[in-house]
Amino acid sequence: MKLCGYLLFFLLTAGGSVHAQTHPDSTFSLLLNSSLSFTHANDAHINRWLKEYGYPTEPHTPVFLNFEVAAIPADSRLLYSVHLSTITNANDLTSFNLGAGLYAAPVKTKSFWLFFGGALGYHADIITLDGNLPPAYKDLAEKYHSALSLRRCGLSVEPAMRAFWYPIRLGQILQAGVFGGLGYDIDLNSMWRLGYYSNTKGRYDHFFKINKPSDQVKVSEYGFSLAAGLSVRLNLH
């Protein structure tokens, strides 16, 4: 998670140098966004492995549920954001992304914004191996008396275009609307690691790495991503 902190610091520092040239103002907009996103990025090698041993494969079109908090300083065309997302349509696979974004708006009105920019973050994929196993995996499961899992993580990058429209205004502070985005997801994955999770007081928390299995390979994933959702905008003073 330290990587996420470094990335967020970099984005805020880079954006801050641009904003410092504008007239300072304490008024800013706070955005609370929730959306679904669809991408066609997937790992063909792990899908073949999962199919061979009777596990559900990764979905051809993964669907992610996203939560985001974003801020726009007054008299600025910059949007700063942090987001968390998790996959919703996979079995035996847990996938999440945590990141920060910086976007600039060439088009900005009272109710419509068009942004271009990108996000950097950290992502992790975990596959629970609770079914058929290769012989080498079975020996390790018996040795450690635990169900095994495959886990990988890495850097995620997403250049994107985003549009926000707020047709509903409630008083001077609150606006409600919709937004959509088109991006290109780049997941720079690490090698799959085989391991197991400790069971502390009935909670599976810490992942113990065993080895890098020889039947797995390092595959980075690329693909277009389409997102749509709801947004609430708070105009704070």
Side-chain angles (χ1 to χ4, degrees), residues 1-5 7 33-69 82-100 119-134 137-138 140-141 144-158 183 185-213 215-223 225-227 229:
M1 293 296 180
K2 291 183 179 180
L3 175 62
C4 299
L7 294 173
N33 305 323
S34 178
S35 66
L36 289 177
S37 60
F38 307 83
T39 179
H40 65 80
N42 52 58
D43 184 341
H45 181 273
I46 193 63
N47 274 343
R48 288 193 296 267
W49 188 93
L50 292 170
K51 186 176 181 180
E52 179 180 353
Y53 290 98
Y55 292 95
T57 60
E58 292 184 1
H60 180 70
T61 305
V63 180
F64 285 86
L65 178 62
N66 312 293
F67 299 97
E68 179 185 42
V69 178
V82 292
H83 67 266
L84 174 66
S85 62
T86 183
I87 196 167
T88 63
N89 64 333
N91 296 316
D92 297 319
L93 170 67
T94 301
S95 181
F96 70 89
N97 297 273
L98 177 64
L120 297 174
Y122 169 90
H123 79 92
D125 300 322
I126 302 165
I127 297 175
T128 303
L129 303 177
D130 54 1
N132 190 28
L133 296 173
Y137 288 37
K138 288 182 180 179
L140 291 171
Y144 292 99
H145 304 287
S146 181
L148 300 181
S149 297
L150 288 169
R151 190 183 77 164
R152 68 180 176 189
C153 58
L155 177 69
S156 63
V157 183
E158 186 193 46
D185 287 343
I186 305 171
D187 288 345
L188 304 176
N189 298 316
S190 65
M191 181 73 174
W192 285 104
R193 287 186 176 272
L194 185 65
Y196 63 96
Y197 282 86
S198 63
N199 187 350
T200 304
K201 298 180 180 179
R203 296 181 302 173
Y204 290 86
D205 46 19
H206 185 71
F207 183 77
F208 290 93
K209 301 174 184 177
I210 298 176
N211 62 23
K212 294 181 180 179
D215 58 348
Q216 301 296 339
V217 298
K218 180 179 178 180
V219 176
S220 293
E221 298 171 284
Y222 309 87
S225 176
L226 181 65

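None of the values given here were measured: they were computed from a predicted structure. Below, each value reflects all heavy atoms present in this structure, side chains not excepted, and no hydrogens, waters or symmetry copies.
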message: Pairing donors with acceptors under 3.5 angstrom, does anything connect the side chains of S35 and N66?
response: yes
- request: Check step by step if side chain to side chain contact (heavy atoms under 4.5 Å, CB included) holds for I126 and L150.
  value: CA-CA 6 Å; I126 302 165; L150 288 169; over 6 Å; no
State, with a plain yes or no, whether a side-chain heavy atom of [X] is found less than 4.5 Å away from one of [Y].
| X | Y | result |
| --- | --- | --- |
| P62 | F38 | no |
| I87 | T94 | no |
| S156 | Y122 | no |
| I186 | L155 | no |
| N97 | F64 | yes |
| L129 | L194 | yes |

Rounded to the nearest 0.5 Å, how far apart are [atom1] of [X] and [atom2] of [Y]?
| X | Y | atom1 | atom2 | result |
| --- | --- | --- | --- | --- |
| L140 | N211 | CG | CG | 6.0 Å |
| D130 | L148 | CG | CG | 10.5 Å |
| S37 | H83 | OG | NE2 | 9.0 Å |
| E52 | T57 | CD | OG1 | 13.5 Å |

Listed partners of F208 passing ring pair (Phe, Tyr, Trp, His ring centres under 6.0 Å), at least two apart: Y196, H206
field: ring pair (Phe, Tyr, Trp, His ring centres under 6.0 Å) partners for W192, two or more places apart
entry: none
Any residue meeting side-chain hydrogen bond (donor to acceptor under 3.5 Å, both in side chains) with [X], in chain and number order, not counting sequence neighbours:
| X | value |
| --- | --- |
| H123 | N189 |
| T128 | none |
| T39 | none |
| S149 | none |

task: Under the side chain to side chain contact (heavy atoms under 4.5 Å, CB included) rule, what do F67 and V82 come out as? Steps first, then yes or no, please.
output: CA-CA 9 Å; F67 299 97; V82 292; over 6 Å; no
field: I46/I127 under side chain to side chain contact (heavy atoms under 4.5 Å, CB included): CA gap, chis, key distance, verdict
entry: CA-CA 10 Å; I46 193 63; I127 297 175; 3.8 Å; yes
Could you pull out all residues at least two apart from [X] that satisfy side-chain contact (heavy atoms from CB on, under 4.5 Å)?
| X | result |
| --- | --- |
| H45 | D43, R48, Q216, V217, V219 |
| Y53 | W49, Y55, N132, P134 |
| N91 | P56 |
| K212 | M191, R193 |

- request: Locate the shortest heavy-atom distance separating T61 from N89; write the atom from each residue and the value.
  value: O-ND2, 3.1 Å
query: Can you check whether C153's main-chain N or O pairs, donor with acceptor, with S190's side chain at less than 3.5 Å?
result: yes
query: Quick one: does T86's side chain have a donor or acceptor within less than 3.5 Å of a partner on S95's backbone?
result: yes
- prompt: Any salt bridge (Lys or Arg N to Asp or Glu O under 4.0 Å) pairs touching residues 53-69, not counting sequence neighbours?
  reply: E58-R152, E68-R162
